[in-house]
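Here is the naming used below: chain letters follow the sequence lines, and residue numbers restart at 1 for every chain. A quick note: this is a predicted structure, and the numbers were derived from the prediction, not measured.
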Amino acid sequence: MVDENPYDANPTGTFFNRVQTYEVGSFPSTETVHFPKSCLHCEDPPCVPVCPTGASYKREDNGVVLVDYDKCIGCKYCSWACPYGVRELDEQQKVMKKCTLCIDRITDHTLPEAERKPACVIACPTNARLYGDVHDPDSEVSVAIRERGGYALMPEWGTNPANHYLPRQKTHMHVTEEDLQRSDNPLTKEDITVYHGEETMEDVTW
Amino acid sequence: MHPAFSVIFLTTLIGAGQGLFLALFTGQFYSTVELVEPQPASFYAVGSALSLALLVGGLAASFFHLGRPERAWRAAAMWRTSWLSREVIVLPAMMGIVFLYGVFHWAGWTQPFIVLGEGTLPIDATFVLGMLGVLVTLALFVSTGMIYASVKFLQEWHSPYTIANFIFLGTASGFMLAAAYSALLGNHLVGFFGTWAVIATLLGLGTRTASLVRNTSIKHRSNLQTAIGIRHRGIVQKSQGFSADSFNTREFFHHQSPETLKLIRVMFLVLVFPVPIALVLLAYALESPTLPIVAFAVQYIGLLAERWYFFAEAEHPQNLYYQQIS
Ligand code: SF4
Ligand code: SF4
């Protein structure tokens, strides 16, 4: 993938996945939403039928939408036909690129099964990404979509993306003094800290 | 959308070439049924060459749009699903027919092999080629228009007006050129072609204004809420995931001020419609041999502006994701 002027004034390049940031609400009650955006591997991908060469295709066996770089003529029509703007022309090879769902990893049977996942899913330190078969109702992803209210982006266009997003979850935590202090700790002689009951986790943990 | 000059020239040049072919055959048809005076073979041969040159010019311009022009032949593969593929097939087909039409006229292979309508409508090879050419011309207009009109989330384009505009504006431009060509040769078809050019221009004015009106009040179905799936009125993008520009900011934005857009719109509304019509009428009144040429040239420049505006006015929903570089 192209990386042009990486250290100069106007760096640009081709990305499979862009992590965008949005601010929701108005100050002071705002929330920051980080929003990773890549090809959603639509069930009904509008980008595929428009391709004049057949370079854009959807795999029959697993539904992954791919570009055959040897056939692509770089006409960019498929990028116009994707409402999500996830296809990017490679400015050096002059062909269309987009997220492949790490097709070479997920279909590689020499890898242990647990590693047959897209690199981003394996790399994510907080496990924010799930990977699985959305057609299998018992898969981890289907259960998450069903039980946690997973939704599709721009449902108005009927693209039926395979990738879903899970609603944000807010974690509320109430910490009492007893949670922080082990009152029956035999090693504790006495607690010399004065607590006011307004401490946060950061003040009392180390 | 970003108005790419390759596509602007492609669509305006082939539009004029298609229109000119329609004009030539209309002239032939009218002279066959003796409504206008017959023209020498050279009139059709040179006219076809001119039409062919415009089609070739458009095709050449289209290559500048491709990242990998050396593989362009592959684009004929998916004609079952892709309008772009259909255009790629129909354009060379039309070139072939225009070429043959010109050659048959030039070689004088115009002996009628059947006479229809009680001896009033002799059918020769050029007539058959001409009829085929008309069908292919229309197919090409429809294919070109559908490339844009079939993308449903480009709502400004997703309308029958898009196809009507391509048909009428291309036809107008071609008949203007035919009038200019006749004026240059000094034959008596200037008024005939000019009249049809004015009619096509007026039809184009109707459909183009209708699409402009439609687009000013268009309600976009996608918004930031559906784009990121968060139901809140106050969403602001803080970062689009990179610190400079990208394919997404280059291909889908015109990067011009609203004033520039307005200026271009006024410019094409003036240059495509009233000015050429006035020039044709004036040329008719003054029997001027040069004014029709000016009329064609002015309208062509106007059509370049029209096509530029056509691209610029379309708002792609992906732009919702690219509001803020930081
Ligand atoms: S997200 Fe865009 S590129 Fe990916 S399958 Fe859907 S329409 Fe095609
Ligand atoms: S850019 Fe490549 S993949 Fe996209 S439509 Fe054109 S040929 Fe097909």
Side-chain angles (χ1 to χ4, degrees), chain A residues 5 9-15 17-26 30-33 35-37 46 48-55 70-77 79-91 93-96 151-158 165 167-168, chain B residues 1 4 62 65-88 147-148 150-154 221-222 224 226-230 232 234-248 250-252 316-322 324 326:
Chain A
N5 320 322
N10 204 5
T12 185
T14 315
F15 281 53
N17 180 42
R18 302 217 182 237
V19 183
Q20 308 191 321
T21 305
Y22 295 86
E23 189 175 85
V24 180
S26 45
T30 52
E31 283 176 58
T32 302
V33 177
F35 176 80
K37 182 165 89 67
V48 168
V50 301
C51 173
T53 61
D70 294 331
K71 278 191 189 164
C72 175
I73 57 172
C75 70
K76 305 176 222 156
Y77 192 27
S79 70
W80 295 10
C82 166
Y84 308 102
V86 300
R87 292 176 163 254
E88 302 186 13
L89 190 83
D90 185 314
E91 294 293 348
Q93 293 178 18
K94 297 286 180 193
V95 293
M96 198 48 76
Y151 57 85
L153 303 182
M154 294 188 185
E156 59 272 23
W157 301 119
Y165 285 72
R168 296 155 299 154
Chain B
M1 302 291 292
S62 77
H65 186 71
L66 301 182
R68 294 290 198 124
E70 75 279 8
R71 296 178 184 164
W73 59 273
R74 285 188 180 275
M78 300 307 281
W79 55 273
R80 280 185 202 82
T81 59
S82 169
W83 283 103
L84 180 51
S85 193
R86 289 171 197 160
E87 186 191 42
V88 165
I147 289 176
Y148 306 101
S150 67
V151 183
K152 64 182 170 194
F153 34 80
L154 279 162
R221 288 176 65 190
S222 292
L224 213 42
T226 68
I228 66 170
I230 293 176
H232 196 296
I235 305 178
V236 187
Q237 184 169 46
K238 290 292 164 184
S239 156
Q240 55 185 24
F242 44 96
S243 52
D245 62 355
S246 68
F247 176 71
N248 306 79
R250 291 188 291 264
E251 181 72 8
F252 299 93
H316 199 288
Q318 79 104 38
N319 293 3
L320 293 167
Y321 296 106
Y322 297 90
Q324 182 80 47
S326 74

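Heavy-atom pairs under 4.5 Å with chain A peak, among A72(B), P69(B), S85(B), A76(B), at S85(B). Each of V236(B), V151(B), V88(B), L224(B) has some count of heavy-atom pairs under 4.5 Å with chain A, and the biggest count is that of V236(B). Heavy-atom pairs under 4.5 Å with chain B were tallied for A9(A), P167(A), P52(A), G85(A); the largest tally goes to P52(A). When each of C82(A), G13(A), S26(A) is checked for heavy-atom pairs under 4.5 Å with chain B, C82(A) comes out on top. When each of K94(A), E23(A), R87(A) is scored by its heavy-atom pairs under 4.5 Å with chain B, the top score falls to E23(A).
Here T12(A) contributes atom OG1 and F247(B) contributes atom CZ; the two are 11.0 Å apart, rounded to the nearest 0.5 Å. To the nearest 0.5 Å, atoms OH (Y22(A)) and CD (Q240(B)) are separated by 8.5 Å. We find the CZ-CG distance between R74(B) and D70(A) to be 7.5 Å, quoted to the nearest 0.5 Å.
The backbone N or O of I147(B) lies less than 3.5 Å from a partner atom in the side chain of Y77(A), making a donor-acceptor pair. Side-chain atoms of R68(B) come within 3.5 Å of backbone N or O of Q93(A) as a donor-acceptor pair. Proximity of a side-chain donor or acceptor of R71(B) to a complementary backbone N or O of C72(A) within less than 3.5 Å is detected.
With a 4.5 angstrom heavy-atom cutoff, Y165(A) does not touch chain B via any of its atoms. V19(A) touches chain B through its backbone: at least one of N, CA, C or O sits under 4.5 Å from a heavy atom, while the side chain does not. If you measure heavy-atom distances from C75(A) to chain B, the contacts under 4.5 Å come from both the backbone and the side chain. Heavy atoms of R250(B) lying under 4.5 Å from chain A belong exclusively to its side chain. For S150(B), the part lying near chain A is the side chain, with the backbone staying farther off; criterion is any non-hydrogen pair under 4.5 Å. With a 4.5 Å cut-off on non-hydrogen atoms, N248(B) touches chain A through its side chain but not through its backbone. At a 4.5 Å heavy-atom cutoff, T14(A) makes no contact with chain B through either its backbone or its side chain. For chain B, the nearby parts of P11(A) are the backbone and the side chain; heavy atoms of each come within less than 4.5 Å. In this structure, chain A has heavy atoms under 4.5 Å from both the backbone and the side chain of A75(B). Both the backbone and the side chain of H65(B) come within less than 4.5 Å of a heavy atom of chain A.
Side-chain contact between N10(A) and D245(B): present, with at least one pair of heavy atoms (C-beta onward) separated by less than 4.5 Å. Looking at heavy atoms from C-beta onward, K152(B) lies out of side-chain contact with P46(A) at the 4.5 angstrom threshold. Q237(B) places none of its side-chain heavy atoms less than 4.5 Å from the side chain of F35(A). Taking 4.5 Å as the limit, some side-chain heavy atom of W80(A) sits within range of a side-chain heavy atom of Y148(B). Q20(A) has its side chain out of reach of I228(B): every pair of non-hydrogen atoms, C-beta onward, lies at least 4.5 Å apart. Here the side chains of L320(B) and M154(A) are in contact, with some heavy-atom distance below 4.5 Å.
S79(A) and E251(B) are not linked by any side-chain donor-acceptor pair at a separation below 3.5 angstrom, with hydrogens and angles left out of the test.
Nearest heavy atoms, R18(A) versus Y322(B): CD-OH, 4.4 Å.
Remark: E31(A) pairs with R168(A), K170(A) by the salt bridge (Lys or Arg N to Asp or Glu O under 4.0 Å) rule, at least two apart or across chains. Scanning for ring pair (Phe, Tyr, Trp, His ring centres under 6.0 Å) contacts around W157(A) gives F153(B), with sequence neighbours left out.
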